[in-house]
Peer 1: 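Okay, handing you the structure first.
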Amino acid sequence: MTKYIGILTSGGDTPGLNAAIRGVGKAALNTYDMQIIGFRDGFRGLMENRIVRLDSEALSGILTIGGTILGTSRDKPHKMPIGNKMMDMTDVMMDTYHKHHLDALVCLGGGGTQKNALRLVEKGMNIITLPKTIDNDVAMTDITFGFDTALSIATDAIDRLHSTAHSHHRIIVVEVMGHNTGWLTLAAGIAGGADVVLIPEIPYSVEKVAQSITERKQSGKHFSIVAISEGAMSGKMAKKLRDTEAKLEKAKDKAEKKKYRKKLAEIERERAVSTHTLTRQLEELTGLESRVTILGHVQRGGIPTPADRMLATRLGTACARALNDGEFGVMMSVHGSDVVTVPLTEVAGKRKNVPVDHPWVMTARDLGINLGD
Ligand code: F6P
């Protein structure tokens with residue numbers, strides 16, 4: 001009997017999303033006699049019943065296209081901005097699901113999407129998710145698609161920054177995405193030959209970074225490349241954040257809570273400009289002219305690398321197989337050389353940080369890369 005499947009992409013876009021949609025869709029259509037519809041703009045399209053039919057024509061020619069043909073959003077089913085209110089729209093989404101007689105929904109997304117998908121599973125939806133994000137921070141999978149493409153873009157940027165830093169005898173501080181984890185910065189820093197790599201998992205000391213750059217200068221190297229994660233923090237800031245969060249947790253009355261929330265907002269503002277602050281401090285401490293490059297969303301754009309196309313396609317086709325087997329409430333995950341399913345309950349609400357003794361960290365240390373600690 002024909003099965004009816006919905007699919008959506010949610011959260012920040014990632015190269016490889018279209019390859020994954022194509023992988024699920026082609027296998028579903030060709031091998032398993034399924035019909036597929038896509039929902040536009042993530043969970044918002046599911047709520048608003050905005051669909052696109054994914055027949056073989058729609059799935060053709062999308063393998064190499066960046067972004068997502070379905071559109072995406074960061075909307076959450078249980079906290080949807082409607083007018084000027086936040087509303088729980090999970091029941092409306094259930095209605096859309098039933099209206100199309102869906103047997104299952106496939107959600108392609110990062111950490112937030114896994115949590116949102118689990119909420120709908122708890123309402124009774126049959127869901128399978130795929131792990132995508134350039135951050136590589138989804139729990140219970142070795143890797144996410146999008147990471148490899150972002151890694152090549154960030155590495156290419158570091159390669160290019162080398163020649164200009166070298167010519168001008170400057171420090172160039174390059175900020176890499178990755179949210180609160182350092183996978184992308186660490187890998188791009190190693191692959192691009194950065195001299196300093198700063199990641200959120202290892203709070204840094206500005207003085208120690210400056211000292212390592214000064215030592216390079218004394219050895220005749222009058223330039224340095226500092227790769228820093230957008231979420232990296234100095235030890236001082238990390239402590240301030242931890243202490244304030246602990247105080248907020250213990251705060252008894254409204255006034256006290258308000259005070260610590262205000263303090264957290266201040267720390268967040270400080271953190272938002274911390275790459276610029278670090279660059280200025282390094283210039284002062286080393287006497288080397290310094291510049292900042294923020295890579296930003298360029299890391300998420302353009303065509304996926306062959307490795308990401310391959311990964312997204314493998315996860316997509318394995319997903320169609322799991323749909324056919326009726327295995328729901330799971331995420332497709334990479335474990336060694338296999339694609340396996342893991343329960344969403346074990347993924348949702350967790351984040352895969354870089355362990356401080358991870359082999360990549362050890363590699364960086366062995367190379368003499370300064371990690372700021
Ligand atoms: O999760 C992917 C990511 O690119 C993060 O690296 C970054 O912190 C965030 O999304 C940026 O989000 P937005 O596209 O909403 O600005």
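Counting convention: from 1, in listed order, for ligands and their atoms alike. Computed from heavy atoms alone, side chains included, the values below leave out hydrogens, waters and symmetry copies. Everything numeric here is computed off the predicted structure, so don't read it as measured data.
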Peer 1: On the 0 to 90° scale, with breaks at 30° and 60°, tag the Trp360-Phe147 ring pair as parallel, tilted or perpendicular.
Peer 2: parallel
Peer 1: What residues, two or more places apart in sequence or in another chain, satisfy side-chain contact (heavy atoms from CB on, under 4.5 Å) together with Glu256?
Peer 2: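 Residues passing side-chain contact (heavy atoms from CB on, under 4.5 Å) with Glu256: Ala251, Lys252, Asp253, Tyr260.
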Peer 1: Considering residues at least two apart in sequence or located in another chain, which fulfil the side-chain contact (heavy atoms from CB on, under 4.5 Å) criterion with Arg365?
Peer 2: Ile202, Val361, Leu371, Asp373
Peer 1: Any ring-ring contact (aromatic ring centres under 6.0 Å, His included) pairs touching residues 285-308, not counting sequence neighbours?
Peer 2: none
Peer 1: For ligand 1, what are the residues with a heavy-atom contact below 4.0 Å?
Peer 2: Arg74, Thr133, Ile134, Asp135, Met177, Gly178, His179, Glu230, His297, Arg300
Peer 1: Is the charged tip of Arg74 near the ring of Phe43: under 6.0 Å from the six-membered ring centre and within 45° of its axis?
Peer 2: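 No, Arg74 does not lie over the aromatic ring of Phe43.
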Peer 1: Less than 4.5 Å apart, side chain to side chain, heavy atoms only: is that true for Leu323 and Met34?
Peer 2: yes
